[in-house]
Amino acid sequence: MTTPSAVEAPPQVGRSLEIYERARRVIPGATQLISRRPTRAALGVSPIYADRAKGCRIWDVDGNEFVDWFSAVGPIVLGYANDVVDAAVKEQIERGSIYSIVHESAVELAELLVRLVPSAEMVRYAKGGGEACTVAVRIARGVTGRDKVLFSGYHGWHDWYLAANLGSERLAGHLFNGIEPIGVPRALEGSSVPFAHGDLDQLEDLLKAHGDEVACIIMEPMRTELPPEGYLEGVRRLADQYGAVLIFDEVSCGWRVSLGGVQEVVGVTPDMTVFAKAISNGYPMAAVVGRREVMEPMARMFISSAYWDDNVGTAAALATVRELERLDAPAIFERLGSDFRRRVEAAAAETGAPARCVGVSAHPGIRFDVPAELMPKVATLFVQENARRGVILSQGFFFNTAHDDEEALDRTEEAVRGSFAVIADGLRRERLDELIECELVEESFRRLVR
């Protein structure tokens, strides 16, 4: 075991905190994305406002440099300010960001997705993952003439999803506790029903009870861990049996494990798939792809937006996906993940921290084996101590190809070793409280899908 390592010059975030106070006066919640709220990191230690970013590094407004493993909470897959993607975007901007008519790139991107993704025969676009999930659900309802949705996992902020919290806290296992469906019409109660990831019996019971009302089953096929053997095959069978449209939400898991999506890895093809985030390396873009017989009727549905035909999003997505293909990015993530796992687990063994790396190599997570009542404190201490050492890292994170950088990996390994040593010392001497210098990190998304 090692003792906690000294941190000579922990980051100072005074300027960030000043801006945060300004933001609280004029922006409800201070940020647009809940996962970016400063209260979900180590407030007072973690950076809040960025000045610039490149590759896998962020420089904050206080002049601190961090190795960032969040990758903008998923969208950055090729590294910040990637030269290839940014050049394609700049070239398109010079030719016009959006027109009164459509640019050919919209067709080129659709053709590329059809070639790569098993479920794709036709494609429609949107700008964000939650919006695209809502489009997919609308299509399923339109095609089937049914209203009810069965879901597993997290699918955004829209009414159809948050309707599950009307009457009871049924989203607690999929989102996080305490979400109130404020503003969601009460008439939607019972229209969306969650089921537990991996529990085919529960899903079948729901279909038996509501089968002739169920328009679709929408689910995250995985997070960090592949699903239990036979599970997705069973979901596919039940969807066919009850005439429900099967939708895979690959907004968070897409592009890192395989360019064809998780469906390509597991060999189960849904009727529709939703992609966003990493499809365009940080530029707003999303896609709903699916079988022709499901997608084609959408031409008669009123699902429309001026910015879905924007040229910048398609230019970014085309450049991103082509670059991922050229690099064979999933192989990079597989190798990177194996190295990351080795380093994290060596640091845990050396310090005696009860930590391990879990999940597939291309998209893993870090798990602490501690009692549930200690988990908030351990999670907070991990984020805090990593930030003090110049690394933005929590238990959940997203690789990008720029992380394939020996200096960044060495720096992260050193930071994690120091953080693990502090945590091990706090657990051993029962002094976690005195080591925490900030409010406890607010609970992150709770996932039935690991």
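From a predicted model like this one, the values you see are computed outputs, not experimental measurements. No hydrogens, no waters, no symmetry mates; every other heavy atom, side chains included, goes into these values.
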Closest heavy-atom pair and its distance - Gln263, Thr269
OE1-CG2, 4.4 Å
Reported CE-to-CD1 distance for the pair Met295 and Ile139, which is rounded to 0.5 angstrom:
4.5 Å
When rounded to the nearest 0.5 Å, the distance separating CD of Glu180 from CG of Leu162 is 11.5 Å
What do you reckon, are the aromatic ring centroids of His363 and Phe333 less than 6.0 Å apart?
no
Classify the side-chain pair Trp157/Glu131 by whether it contains a donor and acceptor separated by less than 3.5 Å.
no
Answer yes or no: are there more than 12 heavy-atom neighbours, outside Gln32 itself, under 6.0 Å from its atom CD?
no
Could you walk me through whether Arg342 and Glu345 pass the salt bridge (charged side-chain N to carboxylate O under 4.0 Å, His left out) check?
CA-CA 5 Å; Arg342 176 185 61 77; Glu345 294 190 344; over 6 Å; no
Can you establish whether the number of heavy atoms outside Glu407 located under 6.0 Å from its atom CD is more than 12?
yes
What I want to find out is whether Arg15 reaches Asp62 closely enough, with some N-O distance under 4.0 Å, to be called a salt bridge.
no
May I ask you to decide if the ring planes of Phe397 and Phe399 are parallel, tilted or perpendicular, using 30° and 60° as cut-offs?
tilted
Considering only NZ, NE, NH1 and NH2 on the basic side and carboxylate oxygens on the acidic side, decide whether Arg356 and Asp369 come within less than 4.0 Å.
yes
Indicate the ring-plane relationship of His197 and Tyr231, choosing parallel, tilted or perpendicular according to the 30° and 60° boundaries.
perpendicular
Under the 6.0 Å and 45° cation-pi test, does Arg24 pair with Tyr20?
yes
Of Ile218, Thr134, Leu171, the one forming a side-chain contact (heavy atoms from CB on, under 4.5 Å) with Tyr161 is Leu171
Interatomic distance, CZ@Arg388 vs CD@Gln12, rounded to 0.5 Å, equals 9.0 Å
Strictly by ring pair (Phe, Tyr, Trp, His ring centres under 6.0 Å), give each pair with a member in residues 41-68 just once, sequence neighbours left out.
none
Spatial distance of atom CG (Asn386) from atom CD1 (Ile392) [nearest 0.5 Å]:
10.0 Å
Run the salt-bridge test on Glu225 and Arg367 with the 4.0 Å N-O cut-off and return the result as yes or no.
yes
Going by atom types alone, do Arg343 and Thr412 pair a side-chain donor with an acceptor below 3.5 Å?
no
